[in-house]
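These notes concern the structure reproduced below.
Numbered from 1 within each chain, the chains take letters A, B, ... in sequence-line order.
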There are 2 protein chains.
Amino acid sequence: MTNATIEDVAKACGLSRATVSRVINGEPNVKPLTIEKVKKAIAELGYHPNIHAQALSGGGAKTVGIMLPRIWRSYYSSLLSSIEEVAAQEGYYALIMAKDYLKNAERIFDEGRVDGFIFRNMDHVEEHERLFLRLRKRNVPFVLIGNPLRDYPAITIDNVGGGRAVAKHFAMHGFRKIVYLGGPSDNVDSNDRYFGFRIGFEESGMNPEGILRINGDYSTKSGYNAISEIMLTQKPDAIFAANDRMALGAILYLHKNGVCVPQDIAIAGFDDSYFAKYITPALTTVRQPFREMGTAAMKQLCSMLKGSSANPGKIILPAKFIVRASCSCPYSHDDSLDVLDAVENSE
Amino acid sequence: MTNATIEDVAKACGLSRATVSRVINGEPNVKPLTIEKVKKAIAELGYHPNIHAQALSGGGAKTVGIMLPRIWRSYYSSLLSSIEEVAAQEGYYALIMAKDYLKNAERIFDEGRVDGFIFRNMDHVEEHERLFLRLRKRNVPFVLIGNPLRDYPAITIDNVGGGRAVAKHFAMHGFRKIVYLGGPSDNVDSNDRYFGFRIGFEESGMNPEGILRINGDYSTKSGYNAISEIMLTQKPDAIFAANDRMALGAILYLHKNGVCVPQDIAIAGFDDSYFAKYITPALTTVRQPFREMGTAAMKQLCSMLKGSSANPGKIILPAKFIVRASCSCPYSHDDSLDVLDAVENSE
DNA sequence: TTACATTATGAAACCACTCTCATTATGTAA
DNA sequence: TTACATAATGAGAGTGGTTTCATAATGTAA
């Protein structure tokens with residue numbers, strides 16, 4: 001019932017462990033006939049090499065740690081599935097970790113559980129900096145997703161470009177009084193989107209100093225609250241939210257208070273979540289290529305694990321600006337049918 | 001730079017590996033002073049026991065395989081995060097696997113990578129049956145989520161109860177001609193919801209034979225297509241979809257073709273996805289407690305891993321019927337604000 | 001003080017592999 | 001045939017822990 005060992009295989013074909021090991025690892029200088037015999041025995045015994053023994057004798061765990069923030073977002077599904085897919089192709093396994101990963105990352109590496117990491121780092125920049133510095137010192141391979149820091153390998157999307165595209169579009173519509181509804185103040189994605197928006201606004205001949213920034217925490221509720229606060233004193237032309245959920249929160253508040261979107265106030269979001277095209281009004285937003293991010297990150301990590309020591313730097317994936325109705329452009333819900341064939345993983 | 005070993009710790013405090021091992025594992029009969037010394041050395045060296053060595057000498061991998069279908073749904077985020085949370089509490093780690101898990105599950109167990117499994121098994125009942133039978137024979141602990149089979153430990157939601165609640169509500173509204181928009185024909189969830197619906201319909205004094213069933217694949221597009229087909233020959237009073245996405249697909253088709261929802265045709269879905277309360281009309285649906293499912297599954301698995309041999313059978317979690325506008329009940333989008341505080345993980 | 005139980009520690013085997021090095025078998029050139 | 005290179009295989013050490021068993025140190029009762 002218990003699994004066969006390499007010793008069992010060796011005995012079964014009258015050879016030594018060493019020779020069986022050679023066959024398993026495809027080393028040269030083994031007689032073809034011997035290879036035959038060993039493979040037959042392996043098949044008959046249903047033998048699979050014990051990973052711990054392999055790892056212990058220098059092979060590594062063939063596992064990577066996927067470190068995600070405590071607060072899960074549903075688009076992690078796309079991220080995870082693409083990561084796992086690439087990992088499987090390359091003979092690696094994915095260990096996920098969310099709770100307290102800042103505290104535990106180094107330990108699970110020390111324990112030999114993982115050979116490297118992918119971090120979806122969001123906030124708490126300083127803590128991450130400290131961790132990354134230690135890992136770098138110890139030559140632990142890791143890749144960041146979505147929040148580039150220093151010269152660490154990172155996969156990002158073009159937040160600046162996305163923000164800029166929204167700004168130019170807003171400027172084209174003639175919106176002047178803008179509210180930027182950001183994520184947490186130390187969130188790099190949010191800050192980059194803000195930065196890009198300012199640039200784009202300025203490039204369009206508008207004054208970026210008039211942009212009012214208020215921060216939420218990416219939740220629907222925080223978008224609702226932030227806008228309810230702003231509306232006490234302001235009446236902007238348009239709102240650019242750092243993600244779709246906060247944009248939706250804003251819409252909910254405005255609708256509840258009799259403000260028409262987009263006629264009175266236009267809105268754009270970020271992410272192109274699953275629901276974006278189905279709410280009313282359909283949300284103008286910037287699409288994040290989550291699957292591609294996961295794929296790129298895992299490929300990057302694999303090449304580092306296989307010894308490529310060259311620091312690959314950052315990969316910036318394009319973000320696609322999606323125009324729908326919430327910016328006051330013409331759009332019919334029927335339009336969403338055209339893209340119904342697209343993979344439904346985006347959120 | 002390379003990690004300290006137990007030997008290093010032993011040397012550092014002039015003791016043997018055995019004694020250090022005792023301290024680490026909290027065994028009795030070690031002098032308090034010795035414990036002190038060892039702990040100090042461990043702290044100074046930053047020592048962490050190597051998991052592979054521990055596993056090799058009988059400890060197990062302290063890892064469980066989380067096996068998810070190839071097609072990822074966004075609610076897996078909730079499932080995974082709760083699973084990981086419980087796992088961390090209990091000193092376990094979560095290895096996720098999606099691609100070809102039917103083929104690979106047994107292998108990764110043989111390799112010693114995992115000590116047990118959680119399966120989110122969906123379709124392909126026969127293949128799963130074969131796998132589970134083999135695992136059972138080999139005494140491999142595993143728990144199923146969402147699709148109970150034979151007497152294997154499983155965490156399910158009350159699909160039958162959910163379907164029944166929808167049926168009773170539909171009957172109360174006086175809907176007679178019903179279309180059931182199911183998932184794949186061998187999908188247990190879908191079949192149970194259908195079954196529950198029939199029961200509820202019958203219990204309400206209606207004739208369940210009039211229910212027309214048509215299957216999609218849970219995607220928005222398939223819901224759209226299925227209803228477009230049905231509408232060529234039928235004009236139902238109401239549609240009950242096996243998930244929210246297909247319900248949305250149906251709504252999209254109906255709107256596009258000038259059919260009013262819910263005035264002309266009422267609709268209910270299943271899942272209570274994030275978007276359900278935000279689309280127009282807000283979707284009447286049945287809420288799945290994904291986080292609770294993950295928690296229950298992992299707790300169950302842990303108790304099995306810790307030796308509890310009693311077969312715990314099935315745990316059926318309640319599903320909550322949520323009335324909104326799409327069944328033609330009065331509902332304002334503002335109502336969704338009341339639940340905005342709820343955790344936003346559900347999808 | 002002796003006798004014996006109990007506590008505290010170490011030596012070494014064991015887990016299932018890989019890898020080095022030694023040894024034997026085979027092939028080729030002088 | 002000898003000499004030597006190369007191919008094929010095995011013995012054994014090493015990987016980092018746990019665990020058994022033996023032994024030394026300490027405690028307690030007669």
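Note on A/Ser57: every side-chain N or O is 4.0 Å or more away from OP1 and OP2 of D/dG14. Between A/Thr19 and D/dA8 there is no side-chain N or O to OP1 or OP2 distance below 4.0 Å. One finds a side-chain N or O of B/Gln54 lying less than 4.0 angstrom from the OP1 or OP2 phosphate oxygen of D/dT18. Distances shorter than 4.0 Å separate some side-chain N or O of B/Ser16 from OP1 or OP2 on C/dG10.
Rounded to whole Å, the distance from CD1 on A/Ile24 to P on C/dC19 is 12 Å. Whole-Å rounding puts the A/Arg17 CZ to D/dT15 P distance at 15 Å. Distance A/Asn25 CG to C/dT20 P: 12 Å, rounded to the nearest Å. Between B/Leu33 atom CG and C/dT9 atom C1' there is a gap of 13 Å when expressed in whole angstrom units. Straight-line distance from the CG atom of A/Leu56 to the C1' atom of C/dC19: 14 Å, rounded to whole Å. Rounding to whole angstrom units, CD1 of residue B/Ile42 and P of D/dG16 are separated by 16 Å. Computed from coordinates, the A/His52 NE2 to C/dC17 C1' distance equals 12 Å when rounded to whole Å. Separating the CD1 atom of A/Ile35 from the P atom of D/dA8 is a distance of 9 Å, rounded to the nearest angstrom.
For B/Phe290 and B/Tyr76, the distance between ring centers is not under 6.0 angstrom.
Atom NE2 of B/His124 is surrounded by 12 or fewer heavy atoms from other residues, nucleotides or ligands within 6.0 Å. The number of heavy atoms from other shown groups lying within 6.0 Å of CZ (A/Arg107) is above 12.
Direction of the helix axis in the helix from C/dT1-D/dA30 to C/dA30-D/dT1 shifts by 50° between the two five-pair termini, rounded to 10°.
Applying the salt bridge (Lys or Arg N to Asp or Glu O under 4.0 Å) definition to pairs two or more places apart or across chains, those involving residues 18-43 of chain B are B/Lys40-B/Glu44.
The B/Leu15 side chain lies nearest to C/dG10 when the options are C/dG10, D/dG16, C/dA16.
Across all strands shown, B/Ser21 has heavy atoms under 4.0 Å from base atoms, whether or not it also approaches the sugar-phosphate.
Just one residue in the list B/Tyr152, B/Tyr101, B/Phe142, B/Phe117 forms a ring pair (Phe, Tyr, Trp, His ring centres under 6.0 Å) with B/His128, and that residue is B/Tyr101.
With the nearest nucleotide of DNA chain D identified for both B/Glu27 and A/Pro32, A/Pro32 has the one nearer the 5' end. Between A/Asn50 and B/Asn29, the one whose closest nucleotide on DNA chain C sits nearer the 5' end is B/Asn29. Between A/Arg22 and A/Glu7, the residue anchored closer to the 5' end of DNA chain C is A/Glu7, taking for each the nucleotide with the nearest heavy atom.
What you find for B/Arg120 and B/Gly146 is that their closest heavy atoms are NH1-CA, 3.7 Å. Residues B/Pro49 and B/Ile24 approach most closely at CG-CG2, 4.2 Å, considering heavy atoms.
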